Amino acid sequence: MAYVPLADRDHEMEMHHPKTWIGKWVFCQDHKVIAIQYGSIAIFTGLVGLILSLLFRMQLGFPEAADFIDPSFYYQAVTMHGMIMVIYLLTALFLGGFGNYLIPLMCGARDMVFPFMNMLSVWVFLVSVIILMASFFVTGGPTGGGWTLYPPQTTLAGTPGHDMGIVLMLISLAVFIVATTMGGLNYVVTVLQYRCRGLTMMRLPLSVWGIFVATILALFAFPALLVAAIMMLFDILLGTSFFMPALIESGAPLDHNGGSPILFQHLFWFFGHPEVYIVALPAFGLVSDVLSVHARKNIFGYRMMVWAIIAIGGLSFIVWAHHMYVSGMHPYFGFFFATTTLIIAVPTALKVYNWVLTLWEGDIRLNAPMYFAIGFIFTFIHGGLTGLFLGNVVIDLPLSDTYFVVAHFHMVMGVSPVLVVFAAIYHWYPKMSGRMYHEGMAKLHFWCTFLGTYAIYLPMHYLGFVGVPRRYYALGTTDFLPPSAQDLNTTITIAALFVGASQLLFLINIIWSLRNGPKADPNPWGAASLEWQTPDTPPVHGNWGESLPTVYRWAYDYSVPGAHEDFIPQNTPESEEPTVDEQHFDPDTDESMADV
Amino acid sequence: MALAVVVVLLVVGSIVFHFMQLYGGPWYFTDLAADWGSIDFTINVTFWVTGFVFIVVNLFMAWCVYKFRQKDGHKAVYEPENHKLEIGLTIFTTVGVIAMLAPGLFVWAQFVTVPEEAHRYEVLASQWQWQFRYPGEDGVLGAADVGNVTPTNPFGINPEDPRGQDDVVVNEPNMHLPVNQPAHALLRSHDVLHNYTVTQFRVKMDLVPGLVSYLWFDPTVEGTYDILCEELCGIGHFIMRGSVTVESQEEFDAWLAAQPTFAETQAIPAPDLAAGQASYAICATCHGAQGEGNQALNSPKLAGQEAWYTARQLKYFQTGVRGGEGDTLGAQMVSMSMTLADDAAIRNIAAYIESLPDTPAEPTIAGDIDNGRNIYAKNCAACHLDDGSGSWYTDAPGLAGMSDWYFVTQISNFGAGIRGLHPNDHYGEQMVSMATAMSDIDEINDVAAYINTLR
Amino acid sequence: MSFFKTITTKPWEKKGVIGGLDPEGAIDAPNEKVALSVFLVVVSVVFSLFTVGYFLRMELPDWQPLSEPGQLWFNTGLLVLSSVLFQWARNIVNSESSKHLTAAFIGGGLFAIFFIAGQLAIWGNLQDAGYYMTSNPANAFYYLMTGLHAVHLLGGLWVWSKSSIKLLSGRETSDVKLSIELCTVYWHFLLIVWLVLFAILSNT
């Protein structure tokens, strides 16, 4: 087949219009429905993860009251919470949810390149979630080996879920990787091939850039997890010794010999570190767009933002062993990985500067999404800066495996991306549902979440300084810990319960508003990017009505000097630019003229 | 508006909280007890650099939110980029990163280079105990391998290796070090990943089965410090405790001399069953001629228990580790145990008890067996094994076929802190923590009822 | 337009339509082929990581090299033939003809099936000779890597079988043209992977 130009392809494209309810909502190939399916499954799974975290927080904060939590369940809850949140919530939500919804709309396409494979992707994802949840109901329960699944521990009798739980976990991960690969191929090819006329790569909104680069990271990083999972399954089920050295289980020697647990860690973190950016880069992109729209100002330093996304994505593959400074690997690696890790701080810091500079001289509308976006900048600065402690290899010596690590990664890849998730859901809610959410409830949700999570994690850093180790069911009698450490733990738990409960505000708001919210304007924020320019709200299957849009400008034409509106949509031709006529345009009074 | 104020308040609040901890608050780094002030220096440098960025960027953001909030007739400035500013910020950030990284790499170079004069010792981790080994006269540790591990050779020292014979073995989780002598810890694990951490020394390292990792430090302050495991190692991770005592060279030498060498532990004569039988006569009045136990006299069944456990408990009664305050029944055993003259007598009687025929005790406790199985399989089996037979490796006594009422009393005692919290009960504290898996007497009965099915 | 030039343009400066009907930077190939190329890169990462794992594990003392049976040369020949037949089918389609197309395409797949059967036979022989998966990591890697390669071939055979049915039921050549094209690329890729694996396995 010779290459068919896109414009010709448009009318050729088969729109698979469903007739029945099942066809519309279950086996649907519309990227928007798939996005909502992906997002709903991810959020439901995330709720399970949230409840697990509240349960083990109960044990830590109120050990007397939480006597229904035994050590075994504690470790299972900690493990499943971690894995669910990182993989099944955040990865699936950012790539499968936002990626699916926004990529075709922002690219001016009718759908993904391969809609059928896209539909398969979400169903395979559901299968992986079902396998994961099944592990709660098998003998021994889910694995309690920590979300890092380090062998040999996860497969030995001393660890909860060492029999069935770990096997199901590994299978679920492998299935998830299949789903991500199917989705990921779609996202990458769609961004490359299905951009509409005039839409150059550098005219794309940063959301697409973030998701695009994160998808490439996912395609290259998840294979490492797959390889590790396969080899570990061989060790467990077939008795090989890839990762298993000669060792003793419950007093009796095992048949394994010579394997290397550190090899697993290398594979795991070769996936695991890019994974941080698989979550972070889409968040970076989405928050850039939210900030720019609500500040009525172009994102500051667009090119630098794109370069930073690419640089961070590339560097993320050569920093993995900073998770292994005290793993017993050759200590000389520490020099290399500490250096690369701190270098990655430079592009990351530039992104932060540019977000703040986007606010500078803007005309900031403090809508709910903007609250979350600004809250994100604060928490991300905090989490990013504490990363400089852990990345700097000697400081990792006292701090690794303490609560400081837990606090750091929750600030940087828990709270921060989740604030962006909320910002993005509120921001795009009018387009996705055609209704407005309840502004007051959304802002209350913001205050509870933002202040509540800071109350959880700021003190947690200090527990880490004292030296409280992570993954301890109980602190026991430990001489160097002041008794007040337990009080602090209790405070943290109270804050966590509060934050957990306040997420009901979010659920109630988005579900209630689906029917009862006021009808939304097609472009309530006055945004310039393509997804707000669809003929229908919410967009119908096929997105663009008769003909595809043509793009004449970048996605950030806000407050352009001489224009009488403070935004110009991407698909507005120069000839139709809504300008103030010559005699009314006064460069001296038009505040949008840069004075630098 | 409110958002700008809140951001300012959070910045100020965080800084105030930090300085409160820095100057006397309870939640800050422990006092340093090793010569790693350079690590603390790097931490302080990082605090200053990151703190500066934290304050400046957030306050600037708060100011922007306040100053450029929406106003009628106001319009944002159109400014796609400002290359000079971005280059300036890049340089500024790079300088900050170098300021933190340079001392970091410098100190790391010190950490990876062990000084020649450092004294070596070995840390051995297993689920969930610490053990230690010091080189003997020859200053060299003998070869060891997990394949050589037996109950009498828990370190797996190669018996053929002459350099290992004089190694001093410390088969309990408490170690000693001389002050102001650089110490070079060689780290080994027999099962899973562990992590050797003494918070006051600032350094830590994983112990990895199949290889020997290391760390070094120079302890500078005398005292006793907790050793924690800080790499998740299974369900007993949080109860894997030990201690290190830093003391003067003389005290250390005296302590070391009191510990057995490997050769000595191997040369212990086989127990004398006849002598054991003779001393058992006095026990038989309460525990029965066959060690079958007698509930009316509060005497548990002894037959079927392995010698290492019986011996350890007799020693505990002798030294007052068990049978202290609150344990009135145990107190009776304190005086009885005094009839055993020395360690050899304890070994003999323990071996004799092990040789007695093991007839399972009659069940006396009823409970919900399913619930008991659930609790046992999840929390107890890791050490006491699925069949309740116990294991020397995890320091767990056999439970199956033993007196169920005694099990209930002892778990209650652990739960109430009557047993296990004596500082010299190196293993009992683990049970104090694990006993919380059974939340009340009903659940203890359930587990006892389940154990009764394991016979 | 080079990647570097693309990302250094200042998008706010130039207004109006850039490029023709197609977006700038789109690849001049069918989408399926672009997707296949990305997928092959992903598969390469998987095999590369196994290879890295192989070499790292090899350093450890308990490694005993496996002496690969000579029959692998024969199997390699089968896979080469399979790839050659696919290439022939591709050439036929590209020259707008359909002579021998069915024979070439189906023959290519059959030789791949023979290859897998041959690989299975070697597995059986190794088992009989006592080279179990658990006895040594070199054996384990042998089974793992050859197995994974065969699984990828099976995936290709699934696509091949669908196209073969179309061919046999007399559908237009244009219906299967893309499929033949993709199968050929995929087969060549798996042949290269196999040659690399074979080289690594037999030289260590």
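Note that the structure is a prediction, hence the values are computed from the model and not measured. For the numbers below, each heavy atom of this structure counts, side chains included, while hydrogens, waters and symmetry mates do not.
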Next item on the list: In sequence, state the C-alpha distance, the side-chain angles, and the governing distance for B:Asp386 and B:Tyr376, and then conclude on side chain to side chain contact (heavy atoms under 4.5 Å, CB included).
Entry: CA-CA 8 Å; B:Asp386 289 332; B:Tyr376 184 91; 5.6 Å; no
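- Using a 3.5 Å distance cut-off with no hydrogens or angles, the side chains of B:His237 and A:Tyr473 do not pair a donor with an acceptor.
- In this structure, the portion of B:Asn195 lying under 4.5 Å from any heavy atom of chain A is its side chain and not its backbone.
- Proximity to chain B (any heavy atom under 4.5 Å) is shown, for A:Ser400, by both the backbone and the side chain.
- For A:Leu366, the part sitting under 4.5 Å from any heavy atom of chain B is the side chain, from C-beta outward, and nothing else.
- With a 4.5 angstrom heavy-atom cutoff, B:His83 touches chain A only via side-chain atoms.
- Only the side chain of A:Tyr150 comes within contact range of chain B, judged by heavy atoms closer than 4.5 Å.
- Looking at B:Phe111, only its side chain comes within 4.5 Å of chain A, counting heavy atoms on both sides.
- Heavy atoms closer than 4.5 Å to chain B are found in both the backbone and the side chain of A:Pro152.
- Contact tally against chain B (heavy-atom pairs below 4.5 Å) for A:Thr154, A:Thr139, A:Ile262, A:Leu342: the top residue is A:Leu342.
- There is no contact between A:Tyr74 and chain B, counting heavy-atom distances below 4.5 Å.
- Using the six-membered ring where Trp is involved, B:Phe68 and B:Trp63 have ring planes that are perpendicular, over 60° apart on the 30 and 60° scheme.
- Residue contact with chain A, scored on non-hydrogen atoms closer than 4.5 Å, involves the side chain of B:Val6 exclusively.
- Checking B:Arg241 against A:Thr477 by side-chain atom types alone, no donor-acceptor pair falls below 3.5 Å.
- Most heavy-atom pairs under 4.5 Å with chain B: of the set A:Pro151, A:Pro469, A:Pro160, this distinction falls to A:Pro469.
- Aromatic ring orientation, A:Trp447 versus A:Tyr371: perpendicular (interplanar angle above 60°, classes split at 30° and 60°).
- Heavy atoms closer than 4.5 Å to chain B are found in the side chain of A:Leu156, but not in its backbone.
- Each of B:Thr436, B:Asp31, B:Thr394 has some count of heavy-atom pairs under 4.5 Å with chain A, and the biggest count is that of B:Thr436.
- Looking at B:Ala2, the atoms closer than 4.5 Å to chain A (heavy atoms on both sides) sit in the backbone and in the side chain alike.
- For chain B, the nearby part of A:Val352 is the side chain; its heavy atoms alone come within less than 4.5 Å.
- Heavy-atom distances place the side chain of B:Gln200, and not its backbone, under 4.5 Å from chain A.
- No other option in B:His18, B:Met205, B:Glu231, B:Lys204 has as many heavy-atom pairs under 4.5 Å with chain A as B:Lys204.
- In this structure, A:Ser559 and A:Asp363 have side chains that are not in contact, with every pair of non-hydrogen atoms separated by 4.5 Å or more.
- Both the backbone and the side chain of B:Val107 have a heavy atom closer than 4.5 Å to some heavy atom of chain A.
- Looking at A:Leu481, there are no atoms closer than 4.5 Å to chain B (heavy atoms on both sides), in backbone or side chain.
- Residue B:Ala381 does not touch chain A at all, counting heavy-atom pairs closer than 4.5 Å.
- Of the atoms belonging to B:Phe92, it is side-chain heavy atoms, and not backbone ones, that fall under 4.5 Å from chain A.
- With a 4.5 angstrom heavy-atom cutoff, B:Lys67 does not touch chain A via any of its atoms.
- For chain B, no part of A:Phe68 is nearby; none of its heavy atoms comes within less than 4.5 Å.
- Comparing A:Gly464, A:Ala157, A:Ser250 by how many heavy-atom pairs each has under 4.5 Å with chain B, the most go to A:Ser250.
- Of all the listed residues (B:Glu81, B:Glu429, B:Gln70), the one sharing the greatest number of non-hydrogen pairs under 4.5 Å with chain A is B:Gln70.
- When the candidates B:Ser189, B:Gly13, B:Gly147, B:Pro80 are compared by the number of heavy-atom contacts under 4.5 Å with chain A, B:Pro80 comes out ahead.
- Under the 30°/60° scheme for interplanar angles, the aromatic rings of A:Tyr325 and B:Trp108 are found to be tilted.
- Residue B:Phe17 qualifies as enclosed at atom CZ: its count of foreign heavy atoms under 6.0 Å is above 12.
- In terms of heavy-atom pairs under 4.5 angstrom with chain A, the leader among B:Gly210, B:Gly104, B:Pro103 is B:Gly104.
- Here B:Asn379 is the residue among B:Val146, B:Asn379, B:Asp145 with the most heavy-atom pairs under 4.5 Å with chain A.
- Between chain B and the options A:Asn257, A:Thr478, A:Leu451, the largest number of non-hydrogen pairs under 4.5 Å is found for A:Thr478.
- Of the atoms belonging to B:Asp191, heavy atoms from both backbone and side chain fall under 4.5 Å from chain A.
- In summary, the aromatic rings of B:Phe29 and B:Phe47 are positioned with their centroids too far apart to meet the 6.0 Å limit.
- For the set A:Val466, A:Ile381, A:Thr159, A:Ile377, the count of heavy-atom pairs under 4.5 angstrom toward chain B peaks at A:Val466.
- Residues A:Phe333 and A:Phe336 place their aromatic rings such that the two centres sit no closer than 6.0 Å.
- With a threshold of 4.5 angstrom between heavy atoms, A:Thr341 does not approach chain B through any atom at all.
- The neighbour count for A:Phe335 CZ, taken as heavy atoms of other residues, nucleotides or ligands under 6.0 Å away, is above 12.
- Within a 6.0 Å radius of NZ in B:Lys71, more than 12 heavy atoms belonging to other residues, nucleotides or ligands are found.
- The contact between B:Thr199 and chain A is made entirely by side chain atoms (from C-beta outward), counting heavy-atom distances below 4.5 Å.
- Both the backbone and the side chain of B:Leu228 come within less than 4.5 Å of a heavy atom of chain A.
- Using a 4.5 Å cut-off between heavy atoms, A:Ile69 does not touch chain B at all.
- For a residue to count as touching a neighbouring chain, one of its non-hydrogen atoms must lie under 4.5 Å from one of that chain's; by this rule A:Thr386 does not touch chain B.
- At a 4.5 Å heavy-atom cutoff, the contact between B:Val149 and chain A is made by side-chain atoms alone.
- Heavy atoms of A:Pro63 lying under 4.5 Å from chain B are absent altogether.
- For the residue pair B:Thr30 and B:Tyr225, no side-chain donor N or O sits within less than 3.5 Å of a side-chain acceptor on the partner.
- Counting heavy-atom pairs closer than 4.5 Å to chain B, the top-ranked of the candidates A:Glu249, A:Arg296, A:Met244, A:Met304 is A:Met304.
- Between the side chain of B:Thr197 and the backbone N or O of B:Cys229, no donor-acceptor pair lies under 3.5 Å.
- Looking at A:Pro245, the atoms closer than 4.5 Å to chain B (heavy atoms on both sides) all sit in the side chain, from C-beta outward.
- Remark: the backbone N or O of B:Ala396 is not paired with any side-chain donor or acceptor of B:Ser391 at under 3.5 angstrom.
- Ion pairing between a basic and an acidic side chain is recognised when a charged N comes within 4.0 Å of a carboxylate O; A:Asp566 and B:Lys75 show no such pairing.
- In this structure, A:Tyr302 has its ring center closer than 6.0 angstrom to the ring center of A:Trp554.
- Side-chain atoms of A:Gln153 do not come within 3.5 Å of backbone N or O of A:Gly158 as any donor-acceptor pair.
- Side-chain atoms of B:Tyr196 and B:Ser213 form no donor-acceptor pair, as typed in the model, at a separation below 3.5 Å.
- Ring geometry for A:Phe378 versus A:His382: interplanar angle of 30 to 60°, hence tilted.
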